[in-house]
Chemist: 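Sharing a structure with you now.
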Amino acid sequence: MAVRWLCSLFGKPFDGGKRMDHGAQQHQQHHPMEQQQQSYHQQHPAMMRLYEVQKEVQSLGSAVCTFSGLQHDRDYKRIERELTRLLLEVDKVDTEGKPELQGARKRAAQEVEGLLRYLEENATHPSRIAIEDLSNEARQLVDDRVVAPQRSGGVAEINDELVEALQEIILRLTQVKTEGRVPLRKARYRALTRMCAVQDVVEGRTQQQTLSLPLSGETHEAVNLINQVMVKVSVARSQLVALLMGLSGRDSCAHLSRILTEMQVELDALDVSGNAAIRNYRKQVVEEINGLLKHLDLEGEGEDTRRYDLGQNNSIREIEAVRAHVFHLREGVLRHCMMGDLSFRPKAELQSLLTHLDQVDTAKNPCIREARRRAVVEVQAIITFLDLREALARRQPGTEHPAHRAVWLVLGSLSDLQAQALGFDGKRVEKSYMMLEELLTKQLLALDAVDPQGDETTKMARKQAVKFAQNILNYLDMKTDGWEY
C-alpha cells in the first residue's frame, strides 16, 4: 500500500509486482538516466518525510471513514486536530523547487484536505442533523415520562401511549436517507438500536403491569426479599433507559450490569422449595433481570460494519430475492394485460411469496421490518390489480343501478392507472409522475361526485373504490420516496 501511494504521488501506475510488458522493458532500457532520477527522488529526504506522513494519514483514514458523531464531539476535535497537524507537516516539506517533489507534496496535501472535508461533510450533513434531532426528541420523551419522575421519587409514566410515541419516532428515523455513507448509516443504526432497546424495556414493563404482582409478604418468608429485589429492578430499569438514551452522567453499563448480577445471586440463594407459586414469582423476576442485562452490551454496538450495513444482512438478502421474483411476475402480468390476455394469473405464486415474507426474521430491527412491509405492499399491489381485472371481466352491466355503473366506470379507469403505477420506475419530479398523480386525484373527485341515491350496494362499492384509489396513490408514493435500508 505504501509503495502504491508513493507511486501515485508521482502520478505513475503501480503494477502490483507483475512483470512489465516488452515495450515497458525496452522503455526502461533506453532511459537509464530517468530510472536513476526516479530512484533518487524516492530516496530524497522530502519524499521519505511524505512517506512518514502518509502512514499517519492512513491510520487516521479509517477513523475518519467510520466517524459517526457531530462537530462538538471529542473524537471529532481530536481527528480534526491530527489531520490539521499533518497538513502543516506536509506544508513544511522542502521540495527544493523540484517539480516531482512539488507534485508529490501537492497530492499529499490534497489527500489530507479530502479527509478533512469528508469528516466535516458527514458531521454536518442534513441527514446527520435529522438523526440527532430525532434522538433528542426521543431523549426528551423518555426523560419526561420515565427518568425525571423516577429521580424525583415519583412514578414513571410507562404505558401504551409512551410505546406508541417511541414507535412513531423510530419509524421516522428509518426514513432518514444516508446516501450510502458509512458514517450516516452507522449513526442511524446506533440511534435505532438504542431506541428499540428502550422500546423493548418499556413494552416489557407495560406487560408486567397487567400481572397481580408482587405477592403478599404473608405468603412465604422469601416473598419479602423478592419484593425488595423487584423494587431494585424497577430502579435499575429506569437507570438502563437513562443509559441507553444518554441521560445518565454517572452510571455506566458495567456498573449497572454488576448491580443486576448481584440481584440474580441474591435471588438464587433464596430457599423457595415446596412452593410452586413462589418459584414462579422468583423465575419471573429473574427473567426480567435477564431482559435488562441483554441490553447492556450496547456501548460498543455499531462498531462492526456488518451490523449497520444491512445490504449484507441475511434477512435483507432474503427480502431482496423475493422482490426480484416479484419484479419478474409484475412484468409478466403487465405484458399479458397489454395484449388483453387475462390467462396469466400467478396469484397462488404471489400468495406463497407473502407467506415467505411473513416468515422472514426481522430481529426487531425497524429497518428490516420496513423493508419487509414494502415488499408485502409490492406483492399485494399486483394481487389487487389482478382481482380488479377479473372483476371487470366478470361484470354484467345490464343489471346495475345507474350510480353503481358510474362507480364501475371509475374502477375501469383506476385499473388502467394502476397498471401505469405498477410499471412506473421514475422520480417524483418527472412529468409522468405528476400526470399520473393528477389523474388518480381526478378519479377520487369523480367518486366523490357519485350519488348512491340510497343504494347500499353502491355506497359499499364507492367506499371500496375510494380505498382502492388511495392505495394506488400510497403505492406510487412508496415507490418514489427514495427509501433505503
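Everything quoted here is computed from the prediction, not taken from an experiment.
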Chemist: Hey, is Glu437 close enough to Arg428 for a salt bridge, meaning N to O under 4.0 Å?
Modeler: no

Chemist: Is Asp387 salt-bridged to Lys347, going by a charged N under 4.0 Å from an acidic O?
Modeler: yes

Chemist: Nearest 0.5 angstrom please: Ser135 OG to Leu192 CG, how far?
Modeler: 8.5 Å

Chemist: Arg49 vs Glu52, test: salt bridge (Lys or Arg N to Asp or Glu O under 4.0 Å). Steps then yes/no.
Modeler: CA-CA 5 Å; Arg49 180 60 190 134; Glu52 291 171 3; 2.9 Å; yes

Chemist: Between Glu82 and Arg78, is there a side-chain N and carboxylate O pair less than 4.0 Å apart?
Modeler: no

Chemist: Is any NZ, NE, NH1 or NH2 atom of the basic residue among Lys98 and Glu100 found under 4.0 Å from an Asp or Glu carboxylate oxygen of the other?
Modeler: no

Chemist: Evaluate whether atom CE of Met435 has more than 12 neighbouring non-hydrogen atoms of other residues, nucleotides or ligands under 6.0 angstrom away.
Modeler: no

Chemist: Would you call Glu132 and Arg128 a salt bridge, using N to O less than 4.0 angstrom?
Modeler: yes

Chemist: Would you call Arg258 and Glu262 a salt bridge, taking side-chain N to carboxylate O under 4.0 Å as the test?
Modeler: no

Chemist: I'd like to know if Asp416 and Arg389 make a salt bridge, using a cut-off of under 4.0 Å between side-chain N and carboxylate O.
Modeler: yes

Chemist: Aromatic rings Phe344 and His336: how do their planes relate, parallel, tilted or perpendicular, breaks at 30° and 60°?
Modeler: parallel

Chemist: Please step through side-chain hydrogen bond (donor to acceptor under 3.5 Å, both in side chains) for the pair His255 and Gln239, ending with a clear verdict.
Modeler: CA-CA 11 Å; His255 175 68; Gln239 291 175 336; over 6 Å; no

Chemist: Atom CZ of residue position Arg323 - does it have more than 12 heavy atoms of other residues, nucleotides or ligands inside 6.0 Å?
Modeler: no

Chemist: To the nearest 0.5 Å, what is the distance between CD1 on Ile319 and CG on Asn314?
Modeler: 11.0 Å

Chemist: Does any non-hydrogen side-chain atom of Gln175 lie less than 4.5 Å from one of Glu370?
Modeler: yes

Chemist: Flag the pair Gln351 / Ile383 as yes when at least one side-chain heavy-atom distance between them is below 4.5 Å, and no otherwise.
Modeler: yes

Chemist: Do NZ/NE/NH1/NH2 and the carboxylate oxygens of Lys77 and Glu80 come within less than 4.0 Å?
Modeler: no

Chemist: If you round to the nearest 0.5 Å, how far is CZ of Arg373 from CD of Glu378?
Modeler: 10.5 Å

Chemist: For Ala421 and Lys479, work out which heavy atoms get closest and say how close.
Modeler: O-NZ, 3.2 Å

